[in-house]
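Everything below concerns the one structure shown next.
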Amino acid sequence: MDSKVPATPASAWTDAYFRSLLDWQAACGASVLQAQQIQWGMLAAWQQSAKAVQQELLDQWTSHFGGGVPLDG
């Protein structure tokens, strides 16, 4: 005789319930990761703009106090 217990409707419902819980958690985790990726992208864009402003200020300072021509031409 086989010792396996046949799947009953109750156990099938329980399996589907747990699968739906895991799907929900996966969806929430994916949305959190996506939100964090967007935040990192915004930080990178902000740093690029701050870099451009800093370079412009350095060029202006070099033009005014360093002989009139920025080092990068």
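Because the structure is predicted, anything quoted here is derived from the model rather than measured.
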inquiry  = Going by the rule side chain to side chain contact (heavy atoms under 4.5 Å, CB included), which residues pair with E56 if we only count those two or more places apart in sequence or in a different chain?
reply    =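 So E56 forms a side chain to side chain contact (heavy atoms under 4.5 Å, CB included) with Q60.
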
inquiry  = Just to verify, what does L22 make a side chain to side chain contact (heavy atoms under 4.5 Å, CB included) with, not counting sequence neighbours?
reply    = Q25

query = Given a cutoff of under 4.5 Å between side-chain heavy atoms of I, L, V, M, F, W and Y, with clusters grown through shared members, what are the other residues clustered with L57?
reply =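 So far as hydrophobic clustering goes, L57 is joined with V53.
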
key: Remaining members of hydrophobic cluster (4.5 Å side-chain criterion), W24   = none

task = Quick one: pull up CG in D23 and SG in C28 and give me the separation to the nearest 0.5 Å.
result =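 The SG atom of C28 is 11.0 Å from CG of D23, to the nearest 0.5 Å.
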
Output a table of donor-acceptor pairs, distance under 3.5 Å, between side-chain atoms of residues 36-52 and any protein atom two or more places apart or on a different chain; print 'none' if there are none.
unit_1 : atom_1 : unit_2 : atom_2 : d
S49    : OG     : W46    : O      : 2.8

key: side chain to side chain contact (heavy atoms under 4.5 Å, CB included) evaluation trace for L58 with Q54   = CA-CA 6 Å; L58 179 63; Q54 182 180 6; 5.6 Å; no

